[in-house]
Colleague: 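This structure is in structure tokens; I'll ask about it shortly.
Please read these numbers as outputs of a predicted model, since none were measured by experiment.
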Amino acid sequence: MSIETPAAPPVAQMRPHETTHHGRTVVDPYHWLRDPGYPVVETPEILDHLKAENAWFEAVMAPQAGLVDTIFAEMKGRMKEDDAGMPQKDGDWLYWWAFEAGGQYRLWYRKPVAGGETQLILSEPAEAAGKEYFRLGALSISPDGRLAAWAADASGAERFTLRIRDLATGADIETVSEVANGAVVWSAASDAVAYTEVNDNWRAFRARLHRLGADPAEAATLYEETADIGFNVGLGRTQDRQWIVISTGDHETSEVRLVPAADPMALPLLVSHRQPGRQYSVDAAHGKLWILTNDEHLNFRLAEANPADPGWWSTVIAGSDRVYLRGVSSFAQHLAISERVDGLDQVRLRTYGGDEHRIAFPEASYTAGLANNPEYDPPVYRLTYASMVTPDTVFDYDPAARTLATLKVREVPSGYDPARYATERLTITARDGATVPVSVVYPVGFPRDGSGRLFLYGYGAYGIAIPPGFSTGRLSLLDRGYAYAIAHIRGGDDLGYGWYLDGKRDKRWNAFTDFVDAANGLIAAGFAHAGGIAINGGSAGGELMGVVANTDPALWGAVVADVPFVDVLNTMLDDSLPLTPGEWPEWGNPITDPAAFDLIAGYSPYENVRAQDYPPMLITGGLNDPRVTYWEPAKWAARLRATKTDANPLLLKINMGAGHGGKSGRFDSLRETAEAYAFVLTQMGGAAADDGT
């Protein structure tokens, strides 16, 4: 049956729906778009409306089909189709992944270090065949090398099926769980796997242990979180492989238990009871626990403890206003400390005798860190590195010689000349005096007189820094004369943990005003003009897009909001939703706190849509998304369409078979980026690429 091309965008009905909290009334005329059977969505009128939105998206984008195809071809041409990861040694084997030419998904391989045939561990293409969505969530090889525990999601709902595979035959021999999520850790004897499960509200609430050959329904519970519904349980293992790490916590508080990998049914060792606002993580080496914690300084300190008295912590590296400690891995010879100094990534190696040095990297602005280093006592350390103009690079670092050996530089098959591009790191003064870093990359010769066009990206939440890394897709904008900028706004931890705290909860407005001030600073620096800036953000960054579209619509030439968290008030008022209780430390709890209610109500994009002109907008969502539910972008688009006073395009695309990350195949994902770029170029100009000739 053919689908008739719509002549006009769909108009969602407005239906009365009100709730009252703290004497304030919340009016939600599009509440009906939330299916009462969620996470199952099968109400016909809701599905019909979403399909109508998708049809309108296709109709409006149809004239740009050629441009989408062109950009997609460019992006695909920059991707090495038969790309492969660098083999990494783990015990008697070398492990790596690879793509076949034309393949959407990875194949996972190994071969003996001593020599021998290559063995296929897992074929993602085979597992994804016939599925609209496929995502590998975990792949863990048993210590004896005979078995693989692997978990996959076939819908985007982030509930993973965990299976055990016999690597000798390639056959799956057990299905452990249908609702696993997170890391999988083997016992030292290779006879059991530890994993976490989610409940009906998609909260990772317990860690279980399955003995191979036993009934999975009778898996033992290692730990279950019952004290706080906002806490999520996670698993890991220490670098020396002596302990299975069971963590529980939210965005502010954490608690860690350790279970011997050799005796996983032993009583878990509680490192230290949870204390509100205190975070800590644990690794182990040389009979000691190495603990990173913010108990004495917001930028964390490194401490050591004796497992016999794990709650007494002795400082090894004190907290610092300038040095932000972000992670520690305790190898046999070194503590490898991931940190950020003045906003720049660093890796510090410290011997257990106290000698230390930082690894020197070749550029002044970059992103770098430890890669996968599975062994306890490696001769070299595997690192990743990139900058705005340097493609992703894999190094091995020799700590004795203090030298970097380049193993791989991301290949751009269609060609890439870094001399055609320039990058800068600006600091822009925000309205309250804070200095906001902005990373910019642009084609050489870019006009600095305000006549150019700019693509500005922002996130600013959860303490997640957006690194100044490399993107082959971004070149499709640069080669069309655009500059591309990342605003390192508060809410991320780009400049330390305090930078994060200054953009969350009661200080949330700082993230929004930083972004606007960064845009105005870039205008003042000659990179663009008001109306000549396209902006993009996803999830919490989509919330950012919604706020600044409401507050400063004239600044933006186009807005792309991916899976945007825009129905903030209603979501934070509903503790039955999967993530809400765990999100209260980030945003505030409007159920119990009138001040939090008023703060969120003052910026929540859905509530603050107003009768004014808005820029062209492209909004995306996923029907199976458990993080930002599909009705958030759907309701926001409906209210925008009913309220705004302009005739600019407003498009909503809902992936009907995907979740938070969009489509899962690497080429399908590229096409979605190509659609977004084509939308921007169509609205702001610059559709023709400069091929550099």
Colleague: Hey, do the aromatic rings of Trp93 and Tyr109 have their centres closer than 6.0 Å?
Modeller: no
Colleague: Going by heavy atoms in the side chains, are Arg208 and Glu197 under 4.5 Å from each other?
Modeller: yes
Colleague: Tell me if a side-chain donor or acceptor on Asp398 pairs with a main-chain N or O of Arg402 at a distance below 3.5 Å.
Modeller: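 Not confirmed, Asp398 side chain does not pair with Arg402 backbone.
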Colleague: Checking the side chain of Thr406 only, and the main-chain atoms of Phe395 only, is there a donor and an acceptor separated by less than 3.5 Å?
Modeller: no
Colleague: Which of parallel (below 30°), tilted (30 to 60°) and perpendicular (above 60°) describes Phe99 and Trp97?
Modeller: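 Because their plane-to-plane angle is over 60°, the rings of Phe99 and Trp97 count as perpendicular.
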Colleague: Is Thr293 close to Arg278 at the side-chain level, that is, under 4.5 Å between some pair of heavy atoms?
Modeller: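 Side-chain contact under 4.5 Å: yes.
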Colleague: What I'd like to find out is whether the side chain of His286 reaches to under 4.5 Å of the side chain of Tyr352, using heavy atoms alone.
Modeller: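 His286 vs Tyr352: side chains touch.
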Colleague: Check for me whether the distance between the ring centres of His334 and Tyr381 falls short of 6.0 Å.
Modeller: yes
Colleague: As an exercise, state the distance from CZ of Arg159 to CG of Asp153, rounded to the nearest 0.5 Å.
Modeller: 9.5 Å
Colleague: Compare every heavy atom of Leu269 with every heavy atom of Pro310, then report the nearest pair and how far apart it is.
Modeller: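 Shortest heavy-atom contact: CG-CD1, 3.9 Å.
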Colleague: Near Asp309 CG, under 6.0 Å, is it more than 12 heavy atoms from other residues, nucleotides or ligands?
Modeller: yes
Colleague: Are the aromatic rings of Tyr280 and Trp313 close, with centres under 6.0 Å apart?
Modeller: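 Yes: the rings meet the under 6.0 Å criterion.
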Colleague: Could you check whether any side-chain heavy atom of Leu325 comes within less than 4.5 Å of a side-chain heavy atom of Arg348, counting everything from C-beta outward?
Modeller: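 With C-beta onward as the side chain, the pair touches.
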Colleague: Looking at every heavy atom in both Ala204 and Asn232, which two are closest together, and how far apart are they?
Modeller: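 Looks like N-OD1, 3.0 Å.
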Colleague: Step through it carefully: locate the ring centre of Tyr366, locate the ring centre of Phe361, and say whether they are under 6.0 Å apart.
Modeller: yes
Colleague: CD of Glu252: more than 12 outside heavy atoms within 6.0 angstrom?
Modeller: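 Yes.
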Colleague: Using 0.5 Å steps for rounding, measure from the CD1 atom of Ile317 to the CD1 atom of Ile337.
Modeller: 3.5 Å
Colleague: CH2/Trp584 to CD1/Ile229 distance, rounded to the nearest 0.5 angstrom?
Modeller: 5.5 Å
Colleague: Parallel, tilted or perpendicular, judged at 30° and 60°: which one describes the rings of Tyr462 and Tyr459?
Modeller: tilted
Colleague: With rounding to the nearest 0.5 angstrom, report the NZ to OG1 distance, Lys408 to Thr384.
Modeller: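 Output value for this atom pair is 12.5 Å.
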Colleague: Answer yes or no: is there a side-chain heavy-atom contact under 4.5 Å between Lys89 and Val113?
Modeller: yes
Colleague: Taking atom OG1 of Thr196 and atom CD1 of Ile246, what is their separation to the nearest 0.5 Å?
Modeller: 10.5 Å
Colleague: Please answer whether the main-chain N or O of Ala368 pairs with a side-chain N or O of Asp345 as donor and acceptor at a distance below 3.5 Å.
Modeller: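 Between the backbone of Ala368 and the side chain of Asp345 there is a qualifying donor-acceptor contact (under 3.5 Å).
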